[in-house]
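What you see below is based on every heavy atom in this structure, not just the backbone, and it leaves out hydrogens, waters and symmetry mates. Predicted model, so just to flag it, every value in this text is computed and none were measured. Whatever order the structure lists ligands and atoms in, that order sets their numbers, starting from 1.
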Amino acid sequence: MRKIWFATGNPGKLKEVQEKFSKYGIVVEQLIAPYPEIQADTLAEVVESGLSWLWGEHGKPVIIDDSGLFIDSQKGFPGVYSAYVHKTLGCQGIIQLMKGASDMKANFQCCAGYMNEDGDVTLAVGRVDGTIILEMRGDGGFGYDPIFVPAGHDRTFAEMSLEEKNKLSHRARAFEMLAEKLELNRNDAP
Ligand code: ITT
């Protein structure tokens, strides 16, 4: 069994990535190392800066993930501010913001990054489109899952099982791409 460290404080993300990588025979272990999240315009910049901080602090191969909810009619808000908005206003804050809006389209984006023992960085991104609903539905998932319905479905991410969300989410897509880039199917992969 191979092992990869995942620096995250979010148990929901951890479970999803553990499930995703288990099929490659890789154990994903949580690294509790709250890296400073810089204020940047893109998720990728946050990931790159987080990885280089972690490299300085821990010096071991690690993955991180920066994600956000981007709402079309709000010019992409909360986007890179998603964590702060969720912490301060929660899903209810987004529901209030979207009351009266005619365009409910939104997307989740995830940037996943891996840094190997030589400090080389590999990035992968994933996105899922959908709509915001004005009531919270479901007990599963985390964050904005109760108010997001992925396109082509009628249930929110919070109403889906972890396995179901993990087939179509932004994180699922980003980590599948990361697995491909790192050739995790190979036996000598990290
Ligand atoms: P880290 O420790 O990994 O940084 P975090 O929860 O702070 O965990 P982010 O910085 O990536 O994560 O913040 C993204 C925000 O968007 C945060 O409020 C999450 O709850 C939310 N979010 C990210 N992915 C999500 C998903 O799959 N479903 C619902 N909400 C999500």
Side-chain angles (χ1 to χ4, degrees), residues 4-20 28-54 57-58 62-71 74 76-95 97-98 106-115 123-133 136-151 153 155-176 178:
I4 291 185
W5 293 97
F6 183 14
T8 181
N10 182 324
K13 284 185 182 180
L14 180 67
K15 273 193 226 143
E16 291 177 12
V17 176
Q18 281 173 331
E19 200 261 351
K20 185 58 68 195
V28 177
E29 236 178 86
Q30 185 177 21
L31 178 67
I32 307 274
Y35 54 91
E37 288 198 17
I38 57 159
Q39 204 56 71
D41 293 335
T42 64
L43 300 176
E45 286 170 81
V46 178
V47 170
E48 278 178 333
S49 123
L51 282 173
S52 66
W53 185 88
L54 283 162
E57 286 292 305
H58 295 275
V62 68
I63 49 177
I64 60 176
D65 147 341
D66 199 49
S67 322
L69 175 69
F70 296 75
I71 303 176
Q74 307 298 328
F77 183 82
V80 290
Y81 307 105
S82 293
Y84 179 73
V85 170
H86 191 267
K87 219 179 293 157
T88 51
L89 305 173
C91 288
Q92 287 302 338
I94 298 295
I95 290 174
L97 184 71
M98 293 301 283
N107 63 80
F108 270 123
Q109 293 176 34
C110 172
C111 179
Y114 171 74
M115 182 176 266
L123 294 186
V125 292
R127 168 181 168 146
V128 60
D129 289 288
T131 51
I132 300 293
I133 56 166
M136 293 177 67
R137 290 201 330 236
D139 305 318
F142 64 93
Y144 298 105
D145 281 343
I147 55 166
F148 184 83
V149 178
H153 295 261
R155 284 168 302 136
T156 65
F157 270 158
E159 292 175 301
M160 296 181 177
S161 66
L162 183 143
E163 290 76 15
E164 210 176 351
K165 178 184 172 191
N166 236 1
K167 285 198 176 80
L168 48 116
S169 80
H170 50 308
R171 178 161 304 99
R173 289 172 180 165
F175 277 88
E176 268 159 27
L178 190 66

**Report entry** Residue list, salt bridge (charged side-chain N to carboxylate O under 4.0 Å, His left out) with Glu45, at least two apart or on another chain
**Finding:** none
Query raised in the report: So, do Arg127 and Cys110 sit near enough that their side-chain heavy atoms are less than 4.5 Å apart?
Result: no
Query raised in the report: Is the distance between the ring centroids of Phe108 and Phe70 less than 6.0 Å?
Result: no
Report task. State, without any angle test, whether Asn107 and Gln109 hold a side-chain donor-acceptor pair at a distance under 3.5 Å. Result -> yes
**Report entry** Side chain Asn166, main chain Glu16, donor-acceptor under 3.5 Å
**Finding:** yes
Query raised in the report: Measuring from each atom of ligand 1, which residues have a heavy atom under 4.0 Å away?
Result: Thr8, Gly9, Asn10, Lys13, Tyr35, Glu37, Asp65, Asp66, Ser67, Ser82, Ala83, His86, Phe108, Phe142, Gly143, Tyr144, Asp145, Lys165, His170, Arg171
Query raised in the report: Ile71 versus Phe77: any side-chain heavy-atom pair under 4.5 Å?
Result: no
